[in-house]
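Take a look at the structure set out below.
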2 protein chains.
Amino acid sequence: MSERPDVKSAILEEATRQFAARGFEGVRVADLAAAVGMRGPSLLHHFKTKEALRAAVLASLLDHWKDELPRVLAAAQSSADRFDGLLRAFLGFFEANPDRARLLLREVLDRPMVIRELLAAEIGPWTRILADILRAGQADGRIRPDLVPEAWVLQVITTGVGVIATHPTISWVFPACEAPALEVSLAELVRSARVSLFVPRPSGSGASHAELL
Amino acid sequence: MSERPDVKSAILEEATRQFAARGFEGVRVADLAAAVGMRGPSLLHHFKTKEALRAAVLASLLDHWKDELPRVLAAAQSSADRFDGLLRAFLGFFEANPDRARLLLREVLDRPMVIRELLAAEIGPWTRILADILRAGQADGRIRPDLVPEAWVLQVITTGVGVIATHPTISWVFPACEAPALEVSLAELVRSARVSLFVPRPSGSGASHAELL
DNA sequence: CCTACCGATCGGTAGG
DNA sequence: CCTACCGATCGGTAGG
């Protein structure tokens with residue numbers, strides 16, 4: 001009765017880490033169990049199969065956005081700096097634990113059909129709203145007219161997840177001392193997302209872009 | 001003597017396809033062999049181990065850029081539309097066979113240390129030159145000063161590979177009829193890369209951005 | 001939560 | 001390029 005309060009959470013956390021690092025097939029149930037202080041068969045008492053564990057790990061990732069997306073999008077309809085709020089909530093979640101980005105990318109590659117359905121069901125309704133907000137911004141002349149809202153959203157998602165997942169490896173296309181830090185790369189992402197989104201204001205105008213989404 | 005001229009190429013092509021789809025560990029040597037008309041042990045006569053085949057597949061990917069990058073960068077120092085040439089050569093290679101992008105992404109996730117070294121050795125020298133070209137453009141006032149050249153290059157690489165690798169899956173964050181086609185997403189990538197790179201010209205000026213990199 | 005163990009999979013070898 | 005087969009790995013079960 002006085003057991004470790006949430007063995008399950010510990011297993012989920014460790015599974016996220018190991019699945020992200022070595023992939024689902026590359027991880028041994030016994031290793032996963034050892035990392036949380038038990039043997040393989042004992043772990044399978046908490047999650048009936050390895051595949052069930054995979055589903056639980058993925059669900060815990062997407063669940064975060066089921067709560068967060070409506071919250072941030074609602075704030076985006078009343079607050080001044082919607083653009084920064086949304087983009088930072090998105091990037092911050094993955095930046096706080098890059099394994100989330102790597103895990104998601106692996107699932108996209110490993111099980112495209114499964115992920116398609118999950119994205120359509122859980123994220124689809126919200127991205128649609130987002131695209132509509134962008135279209136309204138185009139009608140108002142605040143957002144560049146030569147932009148395809150859906151494509152822009154898709155690209156920001158892919159780039160955010162992709163940069164955070166692969167930065168420590170891909171940044172080696174530059175010598176170590178010239179490679180930008182992750183924060184610099186993400187700042188560049190925010191900059192280019194902003195510039196590619198908003199119609200430039202005549203310089204000297206008071207309003208900052210952050211207020212305009 | 002009158003055998004199939006290049007069994008090896010056939011194996012490499014099929015391996016690219018299958019490694020991209022199911023990952024290195026997810027592919028059985030026997031299946032790979034069956035797809036090119038032989039049994040497992042016979043395939044291992046052409047590539048001593050499965051791991052050797054993996055290395056060969058990866059090398060054939062990177063070899064393309066060892067030839068292509070110098071060529072395109074050289075053209076970029078004499079021709080008018082360097083930006084388009086370079087970006088289209090890059091995107092075209094992966095668009096012609098999205099499995100290349102998926103394979104590369106998997107290798108980045110599966111073997112970060114190996115890929116780091118390969119990128120540093122084979123691609124590093126050229127991206128460095130590219131970053132210097134961008135810095136020269138900043139000195140001339142053609143390229144936005146608030147841009148970190150290395151971060152911009154990194155982002156374009158990550159986004160290009162990421163979008164092409166994941167588009168058929170991630171685009172399902174939109175209902176099927178609203179999801180942009182891959183070509184639309186790539187056009188948006190080119191647009192936003194261009195806009196985020198160049199200092200905007202006073203409207204009415206004759207020169208197009210394409211000439212300016 | 002454990003030990004003991006089954007059953008299936010799979011890379012690679014032997015030998016032709 | 002084949003068949004036959006070894007040896008190791010690993011998810012999951014039995015039974016406590």
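Every chain is numbered from 1, with letters handed out A, B, ... down the list of sequences.
Atom CG of B:Leu32 and atom P of C:dG11 are 9 Å apart (whole Å). Residue A:Glu51 contributes atom CD, which lies 13 Å from atom C1' of D:dG12 at whole-angstrom precision. Nucleotide D:dC10 holds its P atom 9 Å from the CD atom of B:Glu25, rounded to whole Å. Distance, B:Leu44 CG to C:dA14 P: 13 Å, rounded to whole Å. What separates CZ of B:Phe24 from C1' of C:dC10 is a distance of 12 Å, to the nearest Å. Spacing between atom NZ of A:Lys50 and atom C1' of D:dC10 amounts to 8 Å, rounded to whole angstrom units. Nucleotide D:dG11 holds its P atom 16 Å from the CZ atom of A:Phe47, rounded to whole Å. The distance from atom NZ of A:Lys8 to atom P of C:dC1 is 12 Å, rounded to the nearest whole Å.
Closest contact between the side chain of B:Pro41 and the listed nucleotides D:dC1, C:dA14, C:dC2 involves C:dA14. In the set C:dG12, D:dT3, D:dG11, the nucleotide with an atom closest to the side chain of B:Arg39 is D:dT3. Of the candidate nucleotides D:dC1, C:dC1, D:dT9, D:dC1 has the atom lying nearest to any side-chain atom of B:Val7. Of the candidate nucleotides C:dG11, C:dC2, D:dG11, C:dC2 has the atom lying nearest to any side-chain atom of A:Ser42. Here D:dG11 is the nucleotide among C:dG11, D:dG12, D:dG11 with the atom lying nearest to any side-chain atom of A:Arg28.
Using N1 to N3 plus N6-O4 or O6-N4 for Watson-Crick, or N1-O2 and O6-N3 for G-U wobble, each under 3.5 Å, D:dG11 pairs with C:dC6. Pair check for C:dG16 finds D:dC1; Watson-Crick or G-U wobble, both atom distances under 3.5 Å.
By the 30° and 60° cut-offs, the orientation of the rings of A:Phe90 relative to A:Trp65 is tilted.
Between A:Glu51 and A:Arg111, at least one side-chain N (NZ, or NE/NH1/NH2) sits under 4.0 Å from a carboxylate O, which counts as a salt bridge. A salt bridge links B:Arg106 with A:Asp110: the distance from a Lys NZ or Arg NE/NH1/NH2 to an Asp or Glu carboxylate oxygen falls below 4.0 Å.
Side-chain atoms of A:Lys50 come within 3.5 Å of backbone atoms of A:Val27 as a donor-acceptor pair (strictly under, hydrogens ignored).
For the OP1/OP2 pair of D:dC1 and a distance below 4.0 Å, the side-chain nitrogens and oxygens of B:His46 include at least one atom meeting the criterion.
Remark: the A:Ser196 side chain and the B:Ser196 side chain contain no N/O donor-acceptor pair separated by less than 3.5 Å.
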